[in-house]
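By convention here, the first residue in the shown sequence is residue 1.
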Amino acid sequence: MTFDEIVGAIHSRRFLPSKPIREIRPIDQERNPGVIASRKYNGNFATAVVLPAGQVEFYTASNLHLASLHQSPWFEDGDWRNALSEAEPGTVFLGELFIPSAGIEDLGAFQTWYSWHRNGTGESPHKAKFLSFDLLAQAGRSVHQRPYKERHPLIPAAMRVAAAPYTSLGQAAAAVGDSERIGCEGFVFWDAGAASLCKIGGQNKARGAAWKVKPIRKGIFVLRGFINAEPAALVMALGAHGQPDFPCGSGLTQEERRQLVADFHTGKTVLVEVAHYGYDESGRPEMPRALGWNKV
């Protein structure tokens with residue numbers, strides 16, 4: 001993929017960024033690749049395209065134009081911004097947009113930021129920051145086929161995601177514990193020897209070269225209704241203020257599922273406790289599973 005091909009695919013909504021795998025599989029552990037680890041932020045994936053005259057455009061994972069670096073008042077100043085502004089035209093960074101925080105980042109605050117930029121309306125958001133975890137093109141030259149251990153150092157240090165000390169997949173359990181202790185969303189383990197698996201066209205699914213290492217989290221969501229109300233194959237539609245609704249399966253027993261459906265039909269608000277692995281780029285919980293519920 002050349003720079004022009006990547007930009008053309010973004011404009012035609014055919015560019016597919018590579019997605020890390022959720023679980024470290026036995027086959028991955030057998031191969032035991034060296035990894036480069038970095039912190040994961042509670043924000044949204046973004047592609048940053050550097051154009052002439054220092055113009056930088058941000059796009060979502062769905063190739064929707066989100067913001068221009070120099071036209072939005074809601075970007076935090078700092079070395080990261082200077083480094084991005086000074087990047088050579090013809091450069092494509094992949095990274096995270098998020099609202100900086102001492103602990104885990106406030107996804108609700110980012111959703112306000114996102115809505116303001118997508119819709120041009122709503123309350124004034126907090127200022128966001130962009131940090132990069134990958135580089136696909138630099139000064140018009142494609143670098144996506146080079147191993148990650150060679151691409152990673154090409155990202156300016158001031159705008160690189162925070163490094164983590166893990167070097168093998170066997171350290172995933174330690175990383176989960178550290179994530180809970182320091183209060184971050186988790187980490188990404190990048191296969192140090194792998195080329196980028198971003199592509200133009202096809203299916204957008206997790207396809208290797210990186211792994212998400214994140215603790216299981218819990219949250220309370222409102223039961224909006226049912227996608228499938230049959231207890232044997234129950235799928236709920238859940239939501240929360242400021243976040244998009246999402247489908248959720250159930251780890252409940254058959255009798256508990258029947259009771260949940262009956263409780264919903266009483267007309268009272270039903271709050272469902274959900275276990276999940278953090279939030280994806282759309283703001284929806286990853287791999288949600290119902291643990292229990294209450295009527296209020």
Side-chain angles (χ1 to χ4, degrees), residues 1-20 33-41 43-72 75-98 128-164 188-201 204 207-210 281:
M1 298 182 294
T2 66
F3 172 78
D4 289 338
E5 287 172 338
I6 294 171
V7 173
I10 290 172
H11 290 165
S12 60
R13 300 186 66 179
R14 294 183 297 110
F15 175 65
L16 298 174
S18 179
K19 292 185 175 182
V35 304
I36 296 173
S38 58
R39 176 171 172 165
K40 188 163 190 334
Y41 298 85
N44 267 41
F45 167 90
T47 303
V49 177
V50 183
L51 300 169
Q55 183 181 356
V56 180
E57 305 293 339
F58 291 100
Y59 296 87
T60 70
S62 301
N63 300 308
L64 299 174
H65 182 260
L66 183 55
S68 299
L69 181 65
H70 297 294
Q71 293 180 359
S72 169
F75 281 107
E76 185 181 80
D77 290 328
D79 292 342
W80 75 271
R81 182 168 181 166
N82 296 334
L84 183 53
S85 298
E86 293 166 4
E88 296 179 87
T91 299
V92 177
F93 295 103
L94 304 183
E96 296 259 8
L97 275 168
F98 59 95
K129 182 176 184 177
F130 173 80
L131 292 178
S132 175
F133 50 69
D134 205 353
L135 181 70
L136 302 187
Q138 184 179 46
R141 300 184 302 274
S142 297
V143 298
H144 62 91
Q145 289 294 342
R146 296 168 65 173
Y148 187 72
K149 62 186 175 184
E150 296 181 11
R151 304 195 310 274
H152 182 260
L154 298 177
I155 303 169
M159 56 173 293
R160 200 182 297 154
V161 291
V188 179
F189 284 15
W190 302 89
D191 186 333
S196 165
L197 296 184
C198 296
K199 59 182 181 177
I200 296 174
N204 193 6
R207 44 188 181 274
E281 63 271 6

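Note that CG of L135 and CZ of R151 are 8.0 Å apart. Values are rounded to the nearest 0.5 Å. To the nearest 0.5 Å, atoms OG (S18) and CH2 (W190) are separated by 7.0 Å. A distance of 9.0 Å separates CG of D134 from NE2 of H152, quoted to the nearest 0.5 Å. The OG1 atom of T47 lies 7.5 Å from the CG atom of L136; values are rounded to the nearest 0.5 Å.
H65 is linked by a ring pair (Phe, Tyr, Trp, His ring centres under 6.0 Å) to Y59, counting only residues two or more places apart in sequence or in another chain. For V161, the side-chain contact (heavy atoms from CB on, under 4.5 Å) partners are S38, Y41, L131, F133, not counting sequence neighbours. The salt bridge (Lys or Arg N to Asp or Glu O under 4.0 Å) search around R146 returns E150, not counting sequence neighbours. Residues meeting the side-chain contact (heavy atoms from CB on, under 4.5 Å) test with A195, sequence neighbours left out: Q145. Legend: residues meeting side-chain contact (heavy atoms from CB on, under 4.5 Å) with S142, ordered by chain and number and at least two apart, are T2, H144. Take R160 and apply the salt bridge (Lys or Arg N to Asp or Glu O under 4.0 Å) test, not counting sequence neighbours, and it matches no residue. In terms of the side chain to side chain donor-acceptor pair (under 3.5 Å) criterion, S62 has no residue partners (sequence neighbours excluded). Contacts of F75 classified as ring pair (Phe, Tyr, Trp, His ring centres under 6.0 Å), with partners at least two apart in sequence or in another chain: F58, W113. With sequence neighbours excluded, no residue forms a side-chain contact (heavy atoms from CB on, under 4.5 Å) with A163.
Between the side chain of D191 and the backbone N or O of A210 there is no donor-acceptor pair closer than 3.5 Å. Judged by distance alone, the side chain of S68 and the main-chain N or O of H70 form no donor-acceptor pair under 3.5 Å.
Sorted by first and then second residue, the salt bridge (Lys or Arg N to Asp or Glu O under 4.0 Å) pairs with a member in residues 5-18 form an empty list; sequence neighbours excluded. Residues in residues 52-71 take part in no salt bridge (Lys or Arg N to Asp or Glu O under 4.0 Å) pair, two or more places apart or across chains.
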Practice item. Would you please test S85 and L69 for side chain to side chain contact (heavy atoms under 4.5 Å, CB included) and show each step? Key: CA-CA 8 Å; S85 298; L69 181 65; 3.6 Å; yes

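Counting only heavy atoms from C-beta outward, the side chains of F45 and L97 never approach each other to under 4.5 Å.
Annotation: D79, atom CG; neighbour count of heavy atoms from other residues, nucleotides and ligands within 6.0 Å does not exceed 12.
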Return all side-chain donor-acceptor pairs below 3.5 angstrom for residues 89-96, not counting sequence neighbours, or 'none' if the list is empty.
residue : atom : partner : partner atom : Å
T91     : OG1  : E88     : O            : 2.7
T91     : OG1  : A139    : N            : 3.0
E96     : OE2  : K40     : NZ           : 3.2

